[in-house]
Amino acid sequence: MPASHPIRIAPSLLAADFARLGEEVAAIEAAGADWLHLDIMDGHFVPNISFGPSVVKALRKHARMPFDVHLMIAPADPYLAAFADAGADLISLHPEAGPHLHRSLQTIRALGKKAGVVLNPATPVAVVAEVIDLVDLVLVMSVNPGFGGQSFIRSQLNKIATLRGMIEASGHEIALQVDGGVTATTAKDCIAAGADVLVAGTAVFGAPDYAAAIAGLRG
Ligand code: DX5
Ligand code: ZN
């Protein structure tokens with residue numbers, strides 16, 4: 001069942017020019033981005049290192065759009081307050097990143113932020129049912145996390161459709177986000193499956209015209 005909400009586009013800063021991050025953030029907002037997706041990688045939970053809360057904080061003044069922080073770090077709990085203080089509006093984490101997902105989500109909400117749970121390609125949807133009262137966002141990874149520019153894993157479309165049904169049945173306002181290998185072509189499939197927030201790195205920051213790239217993802 002397709003989402004009834006407008007489609008929101010969350011460009012991933014991972015594909016931006018790291019020497020000009022402030023300008024990139026301002027440019028992507030001007031180009032029509034709805035959220036900014038910030039990928040936090042620790043070289044431990046995933047085999048890559050990106051940036052931390054000090055960079056998030058430095059960028060906060062360059063845009064007004066919500067900052068969507070995707071934590072790929074373990075442990076995550078010791079850093080939740082730092083990302084909240086840095087200006088995150090949404091904080092999402094993977095169940096595999098710590099022993100107490102339920103408590104971590106409670107902590108994010110207690111910090112006054114929206115909370116998200118992220119499912120790796122091999123992570124089953126069942127985990128969401130147990131925390132559905134505590135999440136504002138469910139993120140389906142359509143690549144294995146760690147790097148931009150990977151190919152979309154099509155088996156995740158069924159997962160998106162299953163989650164759309166779970167969200168509708170819950171009656172809660174929960175965003176359904178997809179991340180990894182999203183292009184103008186795969187975006188259509190994600191939207192048809194029920195996703196309503198599309199993360200895209202390469203397809204936006206790698207394009208010559210950011211506004212055209214964002215518009216092209218909306219379908
Ligand atoms: C991967 C990250 C993604 C990544 C997406 O671990 O979570 O957000 O930046 O990059 P593309 O859109 O290039 O697949
Ligand atoms: Zn991400």
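As a basis for the values below, the full set of heavy atoms in this structure was taken, side chains included, without hydrogen atoms, waters or symmetry mates. In what follows, residues are counted from 1 in the order of the sequence shown. Atoms within each ligand, like the ligands themselves, are counted from 1 in listed order. Keep in mind that what you see is a predicted model, and the values were worked out from it rather than measured.
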Which residue and heavy atom of the protein sit nearest [atom], plus the separation:
atom                    : value
atom 5 (C) of ligand 1  : Asp179 OD1, 3.5 Å
atom 10 (O) of ligand 1 : Gly148 CA, 3.5 Å
atom 2 (C) of ligand 1  : Asp39 OD1, 3.4 Å
atom 6 (O) of ligand 1  : Gly146 N, 2.7 Å
atom 9 (O) of ligand 1  : Ser12 OG, 2.8 Å

Within the structure, does [X] bring an N/O atom to less than 3.5 angstrom of an N/O atom in ligand 1?
X      : answer
Ala203 : no
Gly149 : yes
Asn144 : no
Gly201 : yes
Gly181 : yes

Item to complete: State, without any angle test, whether Thr107 and Ser104 hold a side-chain donor-acceptor pair at a distance under 3.5 Å.
Response: no

Side chains of [X] and [Y] in contact at under 4.5 Å (non-hydrogen atoms):
X      : Y      : answer
Thr123 : His94  : no
Ser142 : Thr186 : no
Leu101 : Leu134 : no

Discussion item. Tell me which N, O or S atom from Asp39 is the closest to the Zn ion (ligand 2).
Written reply: OD1

Would you mind running through ligand 1 and noting each atom that sits below 4.0 Å from a heavy atom of [X]?
X      : value
Pro145 : 6 (O)
His37  : 8 (O)
Val199 : 8 (O)
Leu14  : 9 (O)
Thr202 : 11 (P), 12 (O), 13 (O)
Met72  : 6 (O), 7 (O)
Gly180 : 14 (O)
Met141 : 7 (O)

Item to complete: Indicate the atoms forming the closest heavy-atom contact of Ser12 with Val199, along with that distance.
Response: CB-CG1, 3.9 Å

Worksheet, complete the sentence: Quick look: Ala200 vs ligand 1, heavy-atom contacts under 4.0 Å, and the answer is backbone

Worksheet entry | With Leu13, the side-chain contact (heavy atoms from CB on, under 4.5 Å) member among Leu38, Val56, Asp39, Asp68 | Leu38

Discussion item. When you group the ILVMFWY residues by side-chain heavy-atom contacts below 4.5 Å and let the links chain together, are Trp35 and Val69 in the same group?
Written reply: no

Worksheet item: If you group Ile, Leu, Val, Met, Phe, Trp and Tyr by side-chain heavy-atom gaps below 4.5 Å, do Val182 and Leu137 land in one group?
Response: no

One thing to verify: whether [Y] and [X] come together as a salt bridge, which I'm taking to mean a side-chain N less than 4.0 angstrom from a carboxylate O.
X      : Y      : value
Asp34  : Arg218 : yes
Arg60  : Asp89  : yes
Arg109 : Asp136 : yes

Practice prompt. Kindly say whether Pro121 contributes a backbone atom to a donor-acceptor pair with the side chain of Gln156 at under 3.5 angstrom?
Written response: yes

Worksheet, complete the sentence: CD1 of Ile40 to CG of Leu93, rounded to nearest 0.5 Å, is 12.0 Å

Practice prompt. State if Phe147 counts as touching ligand 1 under the rule of any non-hydrogen atom under 4.0 Å.
Written response: yes

Item to complete: Calculate the angle formed at the Zn ion (ligand 2) by ND1 in His70 and OD2 in Asp179; 10° precision is enough.
Response: 100°

